[in-house]
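Some notes on the structure that comes next.
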Amino acid sequence: MILNKFANYLVSKGIFDKELVENASRKMFEYGESSAGALAKILVSDFGAIHDSVYEALARHYAFPQFDVDIEQITAGQEGECKEILSKIPEELKKKLLYHKIFPFAMLNKGREALQVLASDPTDKMIQEIIEQTQYKRLEIYWSHLKTIEDLIAKLAPQKNEFLQLLEEAGQVLTDIDDGSSGLELNEAALDEEINKSLLVNLFEGALLEAVTKDASDIHIIPGNRSTIDIYFRIDGKLQLWHRQEGTPPEALSAVVKDRSIGVDRFERDTAQDGFAQRLIDGHLIRFRISIIPIVSSEYDRRFESVVIRVIDDRKVITDFRKLGFQEQAEREFVKSISTSKGIIIVTGPTGSGKSTTLMAALHHVINPTVNVLTCEDPVEYVINGARQLKIGHKMSFDQAIRAILRHDPDVVMVGEIRDRITADLAVKLANTGHLTFSTLHTNDAPSAISRLYKMGVETFLLAYSINIIIAQRLVRKLCQHCKRPLSKEHWPAAIAIGLTEEELAAGNIFEPVGCSKCSNGYKGRVNIAEALYFYPEVRNEIVKSVSDIDEERIRAIAEKHGMLSMRASGIDRMRNGLTDLTEVLYATAED
């Protein structure tokens, strides 16, 4: 195929291999594009290429100079000049530039004055808007690392939450009202009055916006007492108090959530409800799944509700399997298992262990125009391009959906969860009739998933020859790379007890969290630890030999002989690589 100049440059310089560049170019032409910028964007968005690697090559190809600045080294004079430049740019344009990671930084004197513009993509057409809409008519464009731009925005032009600003400007006028203590419950008219006269709507909308900005996975709205509400964000797997609202009845905020959501009844307070909402944030449509349940409190005369909102941001879906970060053998065997035309791939772990993320990446690995990919999920959280997704509801159960799928000429099927014998039997039937099947199961480790299916009533010979691999995984918090320090001596005995050596600890290669301005209590982000039980012939034979029960320990021993890492061994390997710490590994593998 004929490649454009930038594609040839990427191949000739050895930045990417020819096959990857050709595949990206083919997709680019399918979209009706042919520019270097379009190819760069597709390499990053569709093929998981590292942003800076692609755009540094693009900058060099077009001879844009590179400029990076250490945020800690910026002087007061530079900061003042930068803020003055930004103040002369129309607010709407400034928002667009910062969203596109374009940062007007300083004035340069090279014969005549020019505005120095730093950009993570120096070919972005948005840069020309500066000339058209501002007094700056001469630009010097530089390429900068994405993190440089983000650090500059965070320090010199932090994006404000407009809803929270309104709260601050109004002095948070959320006052006490007649809380209905003289009656059995809060007066409905008084509740409406409180909602209308207060800024509770801004508090709710501000929480949604802030959760996306802070990369939170969930928002928890919890009644404290008759006039206190706590709002928590789950960030990197841990709940953190974001805001405490006092002087406001919890029912008022619950009513606001219901009024501004779809699928829930404002006046129903005695049953669990599920709804959803969606908002356009930073130019991207973000969806929110809302769960509301009635809860009991010491305020016996009131009907409180707990609200949990799941943030569903399609930008966080991992489509490149390699970005999941599995350890080498686990990744190799997982890829081998999903590269066949039949069999079941099972991912196990508790809620919040990254099962859905792993399945999404695996599905994206196998999706192509030659296969029919069908999923049945409850609920459908992420829309998967190239798959036909069925939503499970009161009109269509899991087993009904799977039976329908069997008649729909599938090649690849994802069953959201194996819940009972009927679902298990149907999943096995799919696998044994030549379909590649993905599913999840709630078990503590990989061998116990076999026992669970056996106890559901699946025959041993079907288990042995229908399953390709079982992945059991957890997520542990990653240590901040800016502030981590070698493990303190008082913690050495615990580290040695789980298998680390005194020599490793003395070398200073095992770390613990500290905490700094760039992280949360010493942690930033998460990484998986996993055990990958590939069904080697010996594993299959052991299952077939089972009579009354599955010998989990024997199966584990066979798998570990072939190189499988246990969950704890996987965690220890992450510690040796400086990614996580002793506390996280012990917490995640406590049952081992």
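Throughout, numbering of the chain's residues begins at 1 and tracks the sequence.
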Exercise. Do NZ/NE/NH1/NH2 and the carboxylate oxygens of Asp445 and Arg556 come within less than 4.0 Å?
Worked result: yes
For this session: Is it possible for you to check whether Lys238 lies under 6.0 Å from the centre of the six-membered ring of Tyr587, through NZ or CZ, and within 45° of that ring's axis?
Result: yes
For this session: For Gln273 and Asp265, test the side chains for any donor-to-acceptor distance below 3.5 angstrom and give the result as yes or no.
Result: no
Exercise. Between Leu426 and Arg403, does a side-chain contact (heavy atoms from CB on, under 4.5 Å) hold up when you go through it step by step?
Worked result: CA-CA 8 Å; Leu426 288 168; Arg403 291 180 198 281; 4.0 Å; yes
Exercise. What distance separates Lys18 NZ from Asn23 CG, expressed to the nearest 0.5 Å?
Worked result: 12.0 Å
Exercise. Passes side-chain contact (heavy atoms from CB on, under 4.5 Å), Glu538 versus Arg554? Steps please.
Worked result: CA-CA 10 Å; Glu538 297 97 314; Arg554 174 71 182 141; over 6 Å; no
Exercise. Can you check whether Ile422's main-chain N or O pairs, donor with acceptor, with Asp420's side chain at less than 3.5 Å?
Worked result: yes
For this session: Could you grab the distance from atom NZ of Lys429 to atom OG of Ser466, nearest 0.5 Å is fine?
Result: 14.0 Å
For this session: Measure up the Phe233 and Trp242 rings against each other and bin them: parallel (under 30°), tilted (30 to 60°), perpendicular (over 60°).
Result: parallel
Exercise. Is there a donor-acceptor pair closer than 3.5 Å between any side-chain N or O of Thr580 and the backbone N or O of Arg477?
Worked result: yes
Exercise. OG1 of Thr358 to CZ of Phe438: how many Å apart, nearest 0.5 Å?
Worked result: 11.5 Å
Exercise. Would you call Lys478-Asp236 a salt bridge at under 4.0 Å N-O?
Worked result: no
Exercise. Salt bridge between Arg485 and Glu512, side-chain N to carboxylate O under 4.0 Å?
Worked result: yes
Seminar exercise, completed: Value for CD (Glu531) from CZ (Arg474), rounded to nearest 0.5 Å, stands at 8.0 Å
Seminar exercise, completed: Exactly one of Leu363, Val413, Leu390 clears side chain to side chain contact (heavy atoms under 4.5 Å, CB included) with Thr375, and that residue is Leu363
For this session: Please name the pair of heavy atoms, one in Pro350 and one in His442, separated by the smallest distance, quoted to 0.1 Å.
Result: CA-ND1, 4.1 Å
For this session: Would you check if the side chain of Asn528 reaches a backbone N or O of Ala530 as a donor-acceptor pair within less than 3.5 Å?
Result: no
For this session: Could you please spell out the steps behind the side-chain contact (heavy atoms from CB on, under 4.5 Å) verdict for His220 and Leu239?
Result: CA-CA 8 Å; His220 288 241; Leu239 287 175; 3.5 Å; yes
Problem set entry | Ionic contact status for Glu268 with Lys258, cut-off 4.0 Å | no
Exercise. Salt-bridged, Asp425 to Arg421, with N to O below 4.0 Å?
Worked result: yes
For this session: For the pair Leu487 and Phe511, evaluate side-chain contact (heavy atoms from CB on, under 4.5 Å) and give the outcome as yes or no after the intermediate values.
Result: CA-CA 5 Å; Leu487 187 67; Phe511 300 93; over 6 Å; no
Exercise. Would a distance-only check, ignoring hydrogens and angles, find a side-chain to backbone donor-acceptor pair under 3.5 Å from Gln473 to Ile529?
Worked result: no
Exercise. Does NZ or CZ of Lys336 come closer than 6.0 Å to the centre of the six-membered ring of Tyr534, within 45° of the ring's axis?
Worked result: yes
Exercise. What is the distance from atom NE2 of His284 to atom CG of Leu280, rounded to the nearest 0.5 Å?
Worked result: 9.0 Å
Problem set entry | Lys545 bridged to Glu542 by N-O distance under 4.0 Å | yes
